[in-house]
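Take a look at the structure below.
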Amino acid sequence: MRAQVGIVGAGPAGLTLALLLERAGIDCVVLESRTREYVEKRVRAGLLEQNTVDLLHELGVGERLAREGLEHRGIFLRHRGHTQHIDMAELTGRHITIYGQQEVVKDLIAARLDLGAPLHFEVSEVAIHDLEGERPRITYTHAGSEHELACDAIAGCDGFHGVCRPSIPLGLLTEHESVYDFGWLGILAEAAPTTDELIYGWHENGFALYSMRSPRISRLYLQVPADEDIERWPDERIWEELQTRLAAEGWSVGEGPIFEKGIAPLRSFVAEPMQHGRLFLAGDAAHIVPPTGAKGLNLAVNDVRLLAAALVDWFRTGSSAGLDGYSTAALRRVWRAQDFSNYMTQLLHDLGGGEFQQGLQLARLEYLERSEAAARSLAENYVGLPAAGDF
Ligand code: FAD
Ligand code: DHB
C-alpha cells in the first residue's frame with residue numbers, strides 16, 4: 001500500500017491534518033489504535049481558541065460547532081469570594097468557544113468517512129521505519145493481517161504515549177520535562193451551570209475550575225494530589241469541596257448526578273526538534289502543557305496547520321523550505337504556550353509554598369485587577385495569538 005502521507009493517531013492533530021491535506025489533493029492514510037467509539041467518547045478538553053474555531057469552519061466541519069458551541073466573552077478569576085471578570089472580547093476583540101474535544105473528534109471523523117478516505121481503527125503493532133530515507137514505511141496489524149504502508153512523509157500524531165517520538169534515535173531529541181505533584185480530578189455532571197463564564201478559582205485548599213459543556217451539563221475540576229485515589233472522592237465530597245473552593249456570597253455551584261469522574265496528572269513537556277528525517281511530530285506527541293491555560297488541543301491544531309502548509313508546498317513545488325522550518329515555527333508557539341500555561345498554573349494552584357507563596361499569588365491576582373495591561377496580557381495569551389505568520 002502507498003500514500004503520500006501516513007498519519008499515526010486519530011486525535012485532533014491527526015484528523016485535522018488529514019482533512020487539511022485531502023482538501024489540497026494529498027492522499028493520506030490515518031491509523032488509530034483505539035476503536036472509533038473509544039476516541040469519540042474520550043472526555044478531555046473543552047475550550048477552543050478562535051484560531052481553532054476559524055480553522056474548523058474553513059475545513060467545513062463547523063456546522064454543529066456553530067450550533068452547539070458556547071461562545072464566551074471571557075473568564076472569571078475568583079479568590080476569597082471576590083470575582084474579577086476578564087473581558088477578553090473587549091481586551092482583544094477575540095472570543096473563546098466551549099465545545100467538547102470529543103465533539104470535535106466526532107465531526108472530524110464524520111467528515112473523513114464522508115470523503116471515503118482511509119481511516120483505520122483498532123490497528124496494532126504500529127512501527128515506523130526508514131525515517132532517514134526517501135520512502136519511510138509504517139507497518140501495522142489490522143483485522144488480523146499484517147500491512148505495510150509506504151509513504152513520502154509520516155506524521156506522528158499519536159499523543160504523548162505513542163510510538164513515533166520514541167522511534168527517533170536516542171541523542172537526536174532533547175526532552176524537557178516537569179511533572180507536578182498534583183493532578184486534576186475532573187467530573188461531568190447533569191447540572192445546569194450557574195455561571196455564564198468559566199470560573200478559575202484560587203483557594204487555600206487548592207485550585208478549582210467551573211466549566212461546562214451545554215446549558216444542562218457542567219464540567220468541573222479540582223486540584224488533588226498526583227497520586228490521589230479516586231475512591232477517596234465520593235460524589236458528596238466532590239460537591240462539598242467545589243462549593244468551598246468556588247464560594248461567593250449568595251451563589252453556589254449547581255449540583256446534579258455525576259456521570260463521569262477521573263484524575264489526570266499535570267505535566268509540562270517539550271521534545272525538540274519536532275522532526276527527524278521524514279517523520280514530523282505534531283500535538284501531544286511532541287509537547288504537553290498543564291491544562292490551566294487550556295492550550296493542549298489548540299496547540300495540536302496549530303502544529304498541523306503549519307505542517308499541512310509545509311507539506312502542501314513540498315508536494316506542489318518540491319521545495320522543502322517549509323518542512324525544514326516546521327519544527328522551529330511550531331516550537332515558537334509551543335514555548336509561548338508553555339510559558340502561559342506555567343503562569344496560569346503557578347498563579348492558581350496550591351504549590352506547597354505556604355503563606356509566602358499565597359501572598360505572591362494574591363498580589364498577582366490583585367495586579368490583574370488594577371492593571372489593564374496585566375489583564376490584557378493574560379487575555380491575549382488565553383484567546384490565542386493570531387494565527388497569521390508563523391507564531
Ligand atoms: P491525542 O488526542 O492524544 O490523540 C492521539 C491519538 O493517537 C489517540 O487517539 C491515540 O489513541 C492514538 N494512538 C496512540 N498511540 C498510537 C499508536 N501506537 N498507533 C496508532 N494510534 C495511536 N487542551 C485544550 O486545548 N483545552 C483544554 O481545555 C484542555 N483540557 C484538558 C483537560 C484534560 C483533563 C486533559 C487530559 C487534557 C486537556 N487538554 C486541553 C489537552 C488536550 O486534550 C490534548 O492536548 C489533545 O488531545 C492533543 O491532541 P493530539 O491529537 O495531539 O493527541
Ligand atoms: C476546560 C478545561 C481546561 O483545562 C480549561 O483551562 C478550561 C476549560 C474544559 O474542559 O472545559
Side-chain angles (χ1 to χ4, degrees), residues 6-18 30-36 38-49 51-52 70 72 75 96-102 104-105 108-109 119-128 138-142 155-167 183-188 193 197-200 207 209-214 217-221 260 262-267 269 281-304 334 337 340-341 344-345 348 382 384:
I7 300 177
V8 187
L15 291 166
T16 307
L17 178 65
V30 184
L31 303 172
E32 166 60 47
S33 55
R34 302 286 190 163
T35 64
R36 177 177 180 185
Y38 182 91
V39 299
E40 290 190 343
K41 288 210 170 128
R42 188 164 44 195
V43 178
R44 281 177 153 185
L47 195 131
L48 308 184
E49 290 179 358
N51 293 335
T52 304
L70 307 171
H72 286 193
I75 58 167
I96 45 183
T97 302
I98 288 285
Y99 189 65
Q101 176 168 327
Q102 75 269 39
V104 175
V105 165
L108 290 167
I109 289 175
L119 162 55
H120 304 303
F121 291 99
E122 296 178 77
V123 302
S124 57
E125 291 156 88
V126 175
I128 57 177
I138 309 179
T139 52
Y140 60 98
T141 302
H142 183 231
C157 302
D158 50 349
F160 185 68
H161 299 288
V163 295
C164 290
R165 190 183 65 253
S167 303
W184 280 17
L185 187 163
I187 61 160
L188 277 169
E197 304 268 45
L198 271 59
I199 305 174
Y200 284 79
F207 173 66
L209 171 61
Y210 197 161
S211 182
M212 61 204 71
R213 286 294 177 269
S214 77
I217 307 286
S218 297
R219 173 83 167 142
L220 294 123
Y221 298 97
E260 158 85 35
I263 296 180
L266 257 64
R267 183 192 304 273
F269 175 84
L281 300 177
D284 280 16
H287 43 73
I288 299 281
V289 285
T292 332
K295 287 285 164 241
L297 164 63
N298 297 296
L299 268 187
V301 170
N302 187 65
D303 285 352
V304 297
V334 168
F340 177 65
S341 304
M344 288 290 281
T345 303
L348 294 163
Y382 193 89

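In each ligand, atom 1 is the first atom listed, and ligand 1 is the first ligand listed.
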key: Full working for side-chain hydrogen bond (donor to acceptor under 3.5 Å, both in side chains) between R36 and Y38   = CA-CA 5 Å; R36 177 177 180 185; Y38 182 91; over 6 Å; no
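- Closest of all the heavy-atom pairs between I7 and C157 is CG2-SG, 4.1 Å.
- Here the side chain of H142 pairs a donor or acceptor atom with the backbone of F121 at under 3.5 angstrom.
- Atom CG of L108 and atom CD of E40 lie 10.5 Å apart (nearest 0.5 Å).
- Listed by chain and residue number, the protein contacts of ligand 1 are V8, G9, A10, G11, P12, A13, L31, E32, S33, R34, V39, R42, R44, A45, G46, L47, Q101, V126, C157, D158, G159, G162, V163, Y221, G283, D284, A294, K295, G296, L297, N298, A300 (heavy atom within 4.0 angstrom).
- Of the candidates L47, L209, L188, R219 forms a side-chain contact (heavy atoms from CB on, under 4.5 Å) with just one, namely L188.
- Protein residues having a heavy atom under 4.0 Å from any atom of ligand 2 are R44, A45, G46, W184, L198, Y200, L209, S211, R213, R219, Y221, P291, T292, A294, listed by chain and number.
- Under the 3.5 Å distance criterion, the side-chain polar atoms of K295 are matched with a main-chain donor or acceptor of Y382.
- Side chain of D284 to main chain of F160: no donor-acceptor pair is present (N/O by atom type, distance under 3.5 Å, no hydrogens or angles).
- Residue S211 forms a side-chain contact (heavy atoms from CB on, under 4.5 Å) with just one option from I75, I98, I199, L70, and that option is I98.
- Residues P12 and Q101 approach most closely at CG-NE2, 3.5 Å, considering heavy atoms.
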